[in-house]
Number of protein chains: 2
Amino acid sequence: MELSDRKKKILRAVVEKYVETAEPVGSKAIVNDCGLSVSSATVRNEMADLESMGLLEHPHTSSGRVPTAQGYRVYVNELMEEHRLSEHDTDTINRALRNNVQQLDKVLSDAGRLTSQLTNYPAYALAVSSQQPVINRFDLIHVDQHTFIIVVLLNNNTVKNKLVHLPVNVAPETLTKLSAVFNANFTGIPEEEMTPQLIAASERASGDTSGFVAVIAGFAIELLMTAKSRETFMTGASHLFEHPEFRDVDKAHRVLSYLSDENGLLKLPTPDQAGGSRITIGPENLAEELKDSSVVVAKYDAGDNLQGIIGVVGPTRMDYSKVAARLQYIANGLSWLLAGGFSLPGIDDRDS
Amino acid sequence: MELSDRKKKILRAVVEKYVETAEPVGSKAIVNDCGLSVSSATVRNEMADLESMGLLEHPHTSSGRVPTAQGYRVYVNELMEEHRLSEHDTDTINRALRNNVQQLDKVLSDAGRLTSQLTNYPAYALAVSSQQPVINRFDLIHVDQHTFIIVVLLNNNTVKNKLVHLPVNVAPETLTKLSAVFNANFTGIPEEEMTPQLIAASERASGDTSGFVAVIAGFAIELLMTAKSRETFMTGASHLFEHPEFRDVDKAHRVLSYLSDENGLLKLPTPDQAGGSRITIGPENLAEELKDSSVVVAKYDAGDNLQGIIGVVGPTRMDYSKVAARLQYIANGLSWLLAGGFSLPGIDDRDS
DNA sequence: TTTAGCACTCAGAGGTCGTGAGTGCTAAAC
DNA sequence: GTTTAGCACTCACGACCTCTGAGTGCTAAA
C-alpha cells in the first residue's frame, strides 16, 4: 500500500495540525495551511481515501479528521522529519547533566526530572542490569567504638553503604578480620547462595559471637534482592493534566496508577540498542492501561553490564519528533556521563 | 462558645457521616443514624444553630449540611475519638519497617510508599537536619589501577559514596595521603568554606597534579549543597483520584503540581515535637494550592540532629483520627529504626 | 480528475421542565 | 421553654428539546 505524494502531504498536515491544536482537522484548514493548490473538496476525497485505509478517522460525521494509531505509525515511520534540537535545549541538558556528581540512583532520578521538564510529559527512568547482581568487594570502615560503615561494591559498579551502630564494642582488628572473611566468602555469589550455613561458617571463621556477621550478611542479602528488582523512578506526573486528552479523570487515574506502580514501569517498552529511541503508539502498547497513550523511550549504556532506560508517557497526540530527539540527546548524555565516567570538567566540550 | 452535648453529638454525626459518604448530610439521616430520640425538626433547629456558629454549611438551600473547616477543627480538637489501630495495620507496618536495611534515602522513600498505601492518600517524606551539614570523615577505598571509592560520613550520620574512574593511575599510597589531607582540611567545615584557595592548598599539601583533589572536593561540595536542600519524596499521587473531591481535574492538577515540586513540599506544615502529629485543615494551610485540602503530618526523630517528617495530603473530608493514628505509628517506628538503629532482629518485639 | 454547490449530520451550547431531597417557618403539643 | 407535625419553598440534577455551525458526502458540471 503505497501512498501518493499528495496523500502523504495531507496525512502529514493532519497529524501536525492535530498535534498542535488538539482539535479535529477539517479539509479547509488543510488547504489554508499546507499550501496545496487544490480545493477543499479534493482534499476531502483524499481524506476519505486515507480513512478507508485506516489512517484517519472521524470522531463523528460532521467533524474534521483525526489520525488513527496506524496513521501516527505511518507518520512516524515515513513522514516525520528529524527534529533538530535548539541550542537552548542542548545547553539546558548539558548543564543539568554536568552538575551531576551523585550516586547512580540520584543521577537516574535527576535524569527523569530533567526529561519530564523538557518534554512536559511524565517521565520514567530505570536501570537494568543484564547479569545477576553479585558483590565484588566489601570494605568495613571503623568509625568509633560502637559504629562502623559497610561499603559494598556491586558488579554493576554501583556502591552501597550502611552505617551500623551496635551496642557491643567494635575493634578495628575485628573489622579487618570480618572484611577478609566477607571478601573470601560472600563475593561473586548470588543472593540465593548466602545460606544460613554459609553465615554460620563465616561466624566460626571470624570468631564472631556478637552478631556482626549476621548484620553484614543481612545487608548483603537485602541489597542483592533489591538490586535484582531494579530501581525505577517516575517524575512529572502532573504534566499529564496539561494535555486535554487527560481532562477525563478516570483516564488520568488509570494511567497514573499504572505509572506509579513499579511493576508496571518494568513492563514498559524497551528499545533494543543504546542510543536509539523507540516509539510505541496507542494500542501497540501491551498494557491495557496505555492502549490510548503513547510511550517514547531511549536507552543509555552505563558500561559494565548496566543499562538503563528513560522514557515518557503521553497522549497519542504527541510531537514524536521533538520528544524522541530530546530523549535521545539526554540518553546519550547519560551514557557518556556514566560509562566514560571521567567526571572531570567539560561534558559539553565533546561535539554533539 | 461552649457547645451543648446535643450539638456536639450532632456535629460529630455530621462529620462522621459526611466523611463516610461524601454526600451532604440531612437531618433525617442524623436521627436514624446516631440514635438521638428527637425529631428531625429539632435536629434541623440545632443544625441551623451550628451553621450560624460557622461549624456547618449549606452547599445550597435544599441540601444537607457539610462541615466547614472550622467544624472539622472543633471535631478534631474536641470530639474525635482516638483511633485504635487494628492488629492487621500494626503488623503491616512492623513488617514493612523491619525489612528495611537500606540507606537513609531508601528508608525514607519506602516509608512514604508505606504511608500512602496505608492511608490511600498521597504521602510525602522528608528529612530535616537541624544543623548545618558538614563532613565528619573521608575514606578513600582503592579498587583498581583506575578506580577508587569515595566514602563520606556526614554529621547527620548519613553516608554517601561515589565510584570514581580516572584515566590516570591511582596508587593506594596516593589515596592514603589524600584521605589524610581531606580529613585534615575538609572535615567540620560548611560548603562555603571549601574555597578554591583551600582546594589549591590541599593540592600542594598532597602533591596532587592529576586532579584527584578537584574530583573529591567537587563531590564534597555537591554533597553538602544537596544535603542543605534536604531530601524529599512524594509517592502515591494517584490516590488523589480515589476521592470524589478530586474529580475536578483542575483542582487535582493544582494539588498535584504543588506536591510534585520540592520547594512546595518543604513549605508544608511541620509538627513541633517528635511522635506527635499535626493536622492542618483547609484554609489553615498557608499554601494557596491547599486551601481546600488537609494535611496530616507526623515527625520522627533519627537522633543526632536529624529529624524527618512524613505526611499525607487529602481532601478536608478525611478520617483524621485513623490517618493520624497510622501516621504516628509509622513515625514512631521510623524513629525507633533510625535512632536506636541497632538493626538486629525484632522491631516488633517491643510493646507498642 | 477536479471543483462548485448543496443537502445532511451531529456535537455542543443553551433553554425549559419535572422531580425529590431537604430545608425554614409556623402553630400546636408537651 | 422546648419539641414536634405540617407545609410551603428552594434548588441541584437529570431528561428533554432546540438552535447553530462546522464539516462532511454526494452529484453534476468544468
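By convention in this document, chain letters (A, B, ...) are assigned in the order of the sequence lines, proteins followed by strands, and residues within each chain are numbered from 1. Worth knowing before you read on, the calculation uses all heavy atoms, side chains too, and leaves out hydrogens, waters and symmetry mates.
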Taking [atom1] from [X] and [atom2] from [N], how many angstroms apart are they, rounded to a whole number?
{"X": "A:R65", "N": "C:dC10", "atom1": "CZ", "atom2": "P", "value": "14 Å"}
{"X": "A:K17", "N": "D:dG23", "atom1": "NZ", "atom2": "C1'", "value": "15 Å"}
{"X": "A:D49", "N": "D:dT24", "atom1": "CG", "atom2": "P", "value": "14 Å"}
{"X": "B:E57", "N": "D:dC11", "atom1": "CD", "atom2": "P", "value": "16 Å"}
{"X": "A:H58", "N": "D:dA22", "atom1": "NE2", "atom2": "P", "value": "16 Å"}
{"X": "A:E51", "N": "D:dC26", "atom1": "CD", "atom2": "P", "value": "11 Å"}
{"X": "A:L50", "N": "D:dT24", "atom1": "CG", "atom2": "P", "value": "13 Å"}
{"X": "A:I10", "N": "D:dT24", "atom1": "CD1", "atom2": "C1'", "value": "15 Å"}

Which base, if any, makes a Watson-Crick or G-U wobble pair with [N], both distances under 3.5 Å?
{"N": "D:dA30", "answer": "C:dT1"}
{"N": "D:dA15", "answer": "C:dT16"}
{"N": "D:dC9", "answer": "C:dG22"}

Choose from [options] the nucleotide whose nearest atom is closest to any side-chain atom of [X].
{"X": "B:A41", "options": "D:dA5, C:dG20, D:dG21", "answer": "D:dA5"}
{"X": "B:M47", "options": "D:dT24, C:dT23, C:dG24", "answer": "C:dT23"}
{"X": "A:H60", "options": "D:dG25, C:dC10, D:dT10", "answer": "C:dC10"}
{"X": "A:R44", "options": "C:dG24, D:dT24, D:dC11", "answer": "D:dT24"}
{"X": "A:S62", "options": "C:dG24, D:dG23, C:dT23", "answer": "D:dG23"}

A:T42 side-chain N/O to C:dT3 phosphate OP1/OP2 under 4.0 Å: yes
B:R6 vs D:dT2: side-chain N/O to OP1/OP2 distance below 4.0 Å: no
Pair B:D89-B:S86, side-chain donor/acceptor within less than 3.5 Å: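 Indeed, the side chains of B:D89 and B:S86 share at least one donor-acceptor pair under 3.5 Å.
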A:Y75 versus A:E16, side-chain donor and acceptor atoms under 3.5 Å: yes
A:P59 vs B:P24, nearer the 5' end of DNA chain C by closest nucleotide: A:P59
Which residue lies more 5' along DNA chain C, comparing A:E46 with B:N45 via nearest heavy atoms: A:E46
Chi angles and distances behind the side-chain hydrogen bond (donor to acceptor under 3.5 Å, both in side chains) call for A:T115, A:Y121: CA-CA 8 Å; A:T115 307; A:Y121 297 111; over 6 Å; no
Presence of donor-acceptor pair under 3.5 Å, side chain of B:S39 and base of D:dT4: no
First of A:K28 and B:S37 reached from the 5' end of DNA chain D, by closest nucleotide: B:S37
Touch class at under 4.0 angstrom, heavy-atom based, for A:S40 against every strand present: nothing
Touch class at under 4.0 angstrom, heavy-atom based, for A:T61 against every strand present: sugar-phosphate
Given A:E46, A:E23, A:E51, A:E57, the one that forms salt bridge (charged side-chain N to carboxylate O under 4.0 Å, His left out) with A:R65: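 Single pass found, and it is A:E51.
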Euclidean distance, B:M80 CE relative to B:I279 CD1, rounded to 0.5 Å: 4.5 Å
Validation row, ring centre A:Y320 to ring centre A:Y72 under 6.0 Å: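 They qualify: ring centres under 6.0 Å apart.
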